[in-house]
Participant: 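Take a look at the following structure, please.
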Amino acid sequence: MYCKHCGKEMGDAKFCPHCGATQEGGQQPAQPVVVNVVNSNTNQNTNINGGGNYPYKSKWTAFFLCLFLGFLGAHRFYVGKGGTGIIWLLTVGLGGVGWLIDLILILMGSFRDKAGYPLR
C-alpha cells in the first residue's frame, strides 16, 4: 500500500511512517500503470507505384489476353475480376463493346485489378 500524500510505500499501517498522514478507507488504488506504445509496423506496401509485396498484375499480359481472348473475359479472370469475367464470357465481351473499352483502358493505364491497384 502507498501513502496518498507522499506516495511512498507504507505497508498495512494506518499512518504513513514517512509523512505521518492518516490513511482512511483501507486499500488504496494501485499506482498508475505507464504503457509505452511502439509502432512495430513492418508493412512495406505503402507506395502503390513501387516497393512492397503486392502481386501486381502485368499490363502487357492483360493487354494480350484482352486482345486475343477478350471476348471470353480472359483478361478479367487474370486480374481477379471473376464476376465480370463470367459476364464477358456469357455475352461475348458485351457484344464486343466492353472488349474494345477494356483494350483502350488497359493501354491508357486506367484498368485496375480486383484490389484497385494499377497494372504494371
Side-chain angles (χ1 to χ4, degrees):
M1 188 154 87
Y2 296 93
C3 177
K4 291 180 183 178
H5 300 284
C6 67
K8 295 190 179 182
E9 190 171 347
M10 54 178 265
D12 291 332
K14 297 209 184 254
F15 296 95
C16 178
H18 303 286
C19 69
T22 60
Q23 306 297 313
E24 303 89 33
Q27 288 289 346
Q28 295 182 19
Q31 291 289 333
V33 177
V34 177
V35 177
N36 292 324
V37 179
V38 177
N39 184 4
S40 60
N41 185 4
T42 59
N43 185 7
Q44 299 294 317
N45 194 13
T46 56
N47 184 358
I48 290 176
N49 291 325
N53 54 5
Y54 183 76
Y56 290 97
K57 302 298 180 182
S58 168
K59 175 181 178 179
W60 293 109
T61 302
F63 172 76
F64 286 116
L65 281 172
C66 185
L67 183 64
F68 296 114
L69 298 171
F71 61 94
L72 297 175
H75 62 291
R76 290 195 164 260
F77 287 110
Y78 171 69
V79 297
K81 297 180 178 182
T84 56
I86 291 172
I87 293 171
W88 256 242
L89 182 65
L90 296 176
T91 62
V92 188
L94 289 176
V97 176
W99 169 76
L100 184 61
I101 290 172
D102 280 354
L103 264 176
I104 294 168
L105 289 176
I106 291 171
L107 282 176
M108 290 176 49
S110 300
F111 198 80
R112 306 233 172 208
D113 68 2
K114 183 178 182 175
Y117 288 103
L119 303 180
R120 289 185 154 185

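This chain uses plain numbering: 1 for the first residue, then up along the sequence.
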Participant: What class does the angle between the rings of Tyr117 and Tyr54 fall in, given that below 30° is parallel, 30 to 60° is tilted and above 60° is perpendicular?
Facilitator: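 Rings of Tyr117 and Tyr54: tilted, as their planes differ by 30° to 60°.
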Participant: I need the Thr84 OG1 to Phe77 CZ distance, nearest 0.5 Å.
Facilitator: 8.0 Å
Participant: Quick check: is Ile106 connected to Met108 through a chain of hydrophobic side chains (ILVMFWY, heavy atoms under 4.5 Å apart)?
Facilitator: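 Yes, because Met108 and Ile106 connect within a single hydrophobic cluster, where side-chain heavy atoms sit under 4.5 Å apart.
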Participant: Check for me, please, whether Phe63 and Val97 land in the same ILVMFWY cluster - side-chain distances under 4.5 Å, paths through other members count.
Facilitator: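 As far as the 4.5 Å side-chain criterion goes, Val97 and Phe63 are connected within one cluster.
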Participant: Which value, rounded to the nearest 0.5 Å, describes the distance between Tyr78 atom OH and Ser58 atom OG?
Facilitator: 5.0 Å
Participant: Flag yes if Leu72 and Ile86 sit in one hydrophobic cluster, no otherwise; membership is Ile, Leu, Val, Met, Phe, Trp, Tyr, and two members link when side-chain heavy atoms are under 4.5 Å apart.
Facilitator: no
Participant: Quick one: salt bridge (Lys or Arg N to Asp or Glu O under 4.0 Å) pairs with a partner in residues 81-98, sequence neighbours left out?
Facilitator: none
Participant: Report whether Leu65 and Leu107 are members of the same hydrophobic cluster (ILVMFWY, side-chain heavy atoms less than 4.5 Å apart, transitive linking).
Facilitator: yes
Participant: Can you check whether Leu119 reaches Trp60 side chain to side chain, under 4.5 Å on heavy atoms?
Facilitator: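 Counting from C-beta outward, Leu119 and Trp60 never come under 4.5 Å.
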Participant: State, to 0.1 Å, how close His75 and Ala62 come at their nearest heavy-atom pair, and which atoms those are.
Facilitator: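 In terms of heavy atoms, the two residues are closest at CB-O, 3.5 Å.
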Participant: List the residues meeting side chain to side chain contact (heavy atoms under 4.5 Å, CB included) with Leu105, not counting sequence neighbours, and say none if there are none.
Facilitator: Ile101, Asp102, Ser110, Phe111
Participant: May I ask whether Val79 and Phe71 are part of the same hydrophobic cluster, defined by side-chain heavy atoms of I, L, V, M, F, W, Y residues being less than 4.5 angstrom apart, directly or through others?
Facilitator: yes
Participant: Give a yes or no on whether the backbone of Leu94 and the side-chain of Trp99 come within a donor-acceptor separation of less than 3.5 Å.
Facilitator: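 Absent.
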Participant: Just grab all the salt bridge (Lys or Arg N to Asp or Glu O under 4.0 Å) pairs involving residues 55-73, residues at least two apart or on different chains.
Facilitator: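 Residue pairs passing salt bridge (Lys or Arg N to Asp or Glu O under 4.0 Å), neighbours aside: none found.
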